[in-house]
Number of protein chains: 2
Amino acid sequence: MSSSRPTIRDVADRAGVSVATISKVMNGRDGVAEDTRQRVKNVVDELGYVSRIGAQSLRAMRTGVIGVLVSGFEPYATEVLKGVAQGALHVPAVEIMAWSGTVGDAPPPTGWESRLLLRLGGSLIDGAIVIAPSLIDDPLLDLPLVMVDPHQGGERYPSVRVDDRDGARQAVDHLVELGHRRIGYLGGRADLESARERRAGYREAMSAHGLSTDGLMTEGDYTWNGAVGPATRLLHLPERPTAIFASNDMSALCVIEIAHAMGLEVPRDLSVIGFDDIPDANRAAHPLTTVAQPLTEIGVQAIAMLSDLLRGRTPEHQHLRLEAHLRTRGTTAAPA
Amino acid sequence: MSSSRPTIRDVADRAGVSVATISKVMNGRDGVAEDTRQRVKNVVDELGYVSRIGAQSLRAMRTGVIGVLVSGFEPYATEVLKGVAQGALHVPAVEIMAWSGTVGDAPPPTGWESRLLLRLGGSLIDGAIVIAPSLIDDPLLDLPLVMVDPHQGGERYPSVRVDDRDGARQAVDHLVELGHRRIGYLGGRADLESARERRAGYREAMSAHGLSTDGLMTEGDYTWNGAVGPATRLLHLPERPTAIFASNDMSALCVIEIAHAMGLEVPRDLSVIGFDDIPDANRAAHPLTTVAQPLTEIGVQAIAMLSDLLRGRTPEHQHLRLEAHLRTRGTTAAPA
DNA sequence: ATGAAAGCGCTAACAA
DNA sequence: TTGTTAGCGCTTTCAT
């Protein structure tokens with residue numbers, strides 16, 4: 001019993017067959033006698049043999065693993081991930097592996113996904129799903145790739161997203177129906193299509209209602225920390241808005257906290273509406289009114305598309321756009 | 001310009017040198033003329049060449065990346081991860097890569113880490129840090145490994161943890177000082193040392209104060225969902241405890257929510273104390289009183305130990321134990 | 001300073 | 001049904 005990890009050679013020697021036969025058994029190919037197969041399986045168990053992904057991919061040019069890249073493990077990405085995992089059950093012979101390039105507080109360097117994908121592709125993964133990517137204008141990767149919530153100009157890869165513009169419109173309409181007229185906007189990561197679309201949706205809807213947006217638009221980056229500045233600014237405006245539409249839930253929760261710290265009560269003194277419907281939105285002291293994305297469904301669709309790509313088919317829709325739905329909960333009300 | 005990803009061969013051909021030279025340049029070996037090195041570098045940039053991890057590790061038996069395995073991306077693991085990332089800056093030539101075996105709601109199958117580690121080790125990673133592992137009694141892996149918050153009997157690998165027993169004692173002492181006598185306990189994942197130690201700490205401290213724990217001890221699993229049952233049970237006890245010590249913050253936050261749903265006010269009607277000090281603990285409507293772990297420091301220490309292991313040194317401490325500190329915030333008060 | 005050659009562990013034609 | 005063989009892309013002696 002060698003101390004080092006067994007190779008296919010060790011298994012072959014021990015089973016008294018050639019390495020080719022072991023390979024066949026390991027990969028479920030046929031052309032192996034049943035008793036040989038059994039004997040090999042026993043030896044494999046006995047030795048605890050596990051094939052090395054590296055060696056495998058080097059030859060087979062595929063690994064049966066797909067990667068999911070996220071810039072950080074925040075709730076939005078995590079929810080989509082769940083959908084991917086769920087959808088993966090319907091894709092035979094695929095393991096999924098999730099990772100994030102950076103884990104600290106610092107925002108990941110632009111283009112980190114390309115570097116990671118380059119190293120991983122052709123070595124470890126057959127394809128990938130990238131959530132809220134920052135890949136911009138980089139070498140076109142020849143790895144099958146699906147983007148969730150792509151950045152602007154990200155049309156080069158198939159994508160799944162929600163109808164952000166329409167969602168934003170729903171948010172504004174809701175607020176206006178309640179009687180609000182000064183509605184502030186807290187934007188998201190400017191390089192993402194979603195942030196631009198939500199912003200555009202807000203402006204369109206405001207203008208459709210004949211309302212001004214002057215001085216009411218601020219920019220965040222979808223993170224809690226990035227929302228602190230703009231939220232504070234909005235709430236200290238000489239004429240404070242009676243409602244704020246935050247472009248995602250994380251920002252909305254931040255707005256609420258800052259409002260509280262200022263002694264404002266939500267929704268009595270300020271209405272707040274978010275976007276996404278992450279689990280925390282429904283768990284907060286004041287359940288957040290928000291525009292819900294079908295997060296799980298997005299994940300399911302993404303892996304379905306990738307699965308098509310993987311077997312050389314063209315996905316039915318190159319750019320899939322799902323519906324957003326308003327969830328009226330406890331943080332919006334008529335203005336005082 | 002070939003459409004497929006360039007190999008070391010392509011670079012060599014284009015630069016008019018041998019593959020061996022390319023390899024030397026890529027790995028910073030010397031024995032290459034300065035102008036040759038420059039020429040090679042240019043071609044590398046031009047072609048966008050990136051070496052394939054798989055092929056590399058096959059030959060070199062090392063990859064320069066270390067893995068961090070977590071059972072899920074919950075806040076505790078995420079915070080430790082940050083420390084690891086931070087500590088990695090001091091370890092030359094090491095990239096870190098984080099992943100979780102499962103991403104859905106279902107708990108990962110026992111022993112998933114072993115399987116993953118087996119595939120990854122010797123292929124993709126040189127070593128790994130496993131946070132709150134479930135590896136139990138499996139084939140001893142010959143991969144350099146450091147455990148954070150090891151499971152019971154996990155002494156076979158170096159580990160980093162906090163002084164859980166002492167932390168639990170601090171929690172109980174604090175509650176007793178406030179005047180509580182009926183103190184409920186909501187336990188954590190029973191296979192982890194930390195959960196057993198915190199439990200033991202609670203019992204010891206209670207008994208040191210001459211207090212009974214009869215019917216006051218319940219078991220959760222460190223997750224929100226796993227805390228719902230025990231929390232509900234504790235709060236519906238005929239003689240309701242006036243305080244609950246939850247073995248981690250996630251469970252504590254769940255207790256608070258359930259208490260609220262029952263119309264109880266915290267800390268007026270019920271004191272709650274947690275363990276860990278995850279970011280959410282300080283962000284909640286009622287900032288959570290908790291026993292803080294130095295989460296970042298744990299990560300930093302873990303990678304330092306792994307780094308020693310990687311270069312064949314024996315870490316100074318095989319089992320490092322850091323201090324826990326009480327953070328008195330807004331969820332504990334004297335009983336009514 | 002550079003290159004030729006051997007081989008890491010594995011899979012896939014092809015031959016037997 | 002099985003084994004032989006030729007690499008996959010890379011690093012590393014060892015010659016030159």
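Hydrogens, waters and symmetry mates are skipped; everything else that's a heavy atom, side chains included, is used. The sequence lines fix the lettering, A, B, ..., with proteins before strands; numbering per chain opens at 1.
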Ordered by number, residues from residues 19-29 of chain A within less than 4.0 Å of DNA chain C (heavy atoms) are A/Ala20, A/Ser23, A/Asn27, A/Arg29
note: A/Arg39, atom CZ; D/dT1, atom P; distance rounded to Å ~ 14 Å
A/Arg9 atom CZ is separated from D/dG3 atom C1', nearest whole Å, by 11 Å
In the 5' to 3' direction, the nucleotides of DNA chain C bounding the stretch that comes under 4.0 Å of a heavy atom in chain A are C/dG9 to C/dA12
Rounded to whole Å, the CG-C1' distance (B/Asp30 to D/dT12) equals 14 Å
For B/Ile8 and B/Val19, the nearest pair of non-hydrogen atoms, with its separation, is CD1-O, 3.7 Å
task = Just do the side-chain contact (heavy atoms from CB on, under 4.5 Å) check on B/Val130 and B/Tyr157 with the steps written out, would you?
result = CA-CA 10 Å; B/Val130 189; B/Tyr157 303 103; over 6 Å; no
So, the side chain of A/Tyr222 versus the backbone of A/Ala195: is there a donor-acceptor pair under 3.5 Å, distance only?
-> yes
Do any N or O atoms from the side chain of B/Arg39 and from the backbone of B/Ala15 form a donor-acceptor pair under 3.5 angstrom? yes
With five pairs defining each end axis, the helix from C/dA1-D/dT16 to C/dA16-D/dT1 comes out bent, to 10°, by 40°
Sugar-phosphate, base or nothing in reach of A/Ser57, heavy atoms under 4.0 Å = nothing
When rounded to whole Å, the CD to C1' distance for the pair B/Gln56 and D/dC10 reads 8 Å
Value for CE (B/Met305) from OG1 (B/Thr314), rounded to nearest 0.5 Å, stands at 10.5 Å
| request: For A/Arg29 and A/Asn27, indicate whether the former's side chain and the latter's backbone hold a donor-acceptor pair under 3.5 Å. | output: yes
Heavy-atom closest pair (A/Leu143 atom, A/Asp126 atom, distance to 0.1 Å) is CD1-O, 3.8 Å
When B/Asp35 and B/Ala55 are each assigned the nearest nucleotide of DNA chain C, the 5'-most assignment goes to B/Asp35
Margin query: Given the structure, check if the side chain of B/Arg59 and the base of D/dG9 hold any donor-acceptor pair shorter than 3.5 Å.
Written below: no
query: Are any non-hydrogen side-chain atoms of B/Thr63 and B/Gln56 less than 4.5 angstrom apart?
result: no
Side chain to side chain contact (heavy atoms under 4.5 Å, CB included) with A/Ile303: of A/Leu310, A/Ile129, A/Val68, A/Val146, only one passes, and it is A/Ile129
Report task. Can you establish whether the number of heavy atoms outside A/Arg9 located under 6.0 Å from its atom CZ is more than 12? Result -> no
Here the distance between atom P of D/dG3 and atom CD1 of A/Ile8, to the nearest Å, is 12 Å
Worksheet item: Within the distance-only criterion (no hydrogens, no angle test), does the side chain of A/Thr78 pair as donor or acceptor with the backbone N or O of A/Glu74 below 3.5 angstrom?
Response: yes
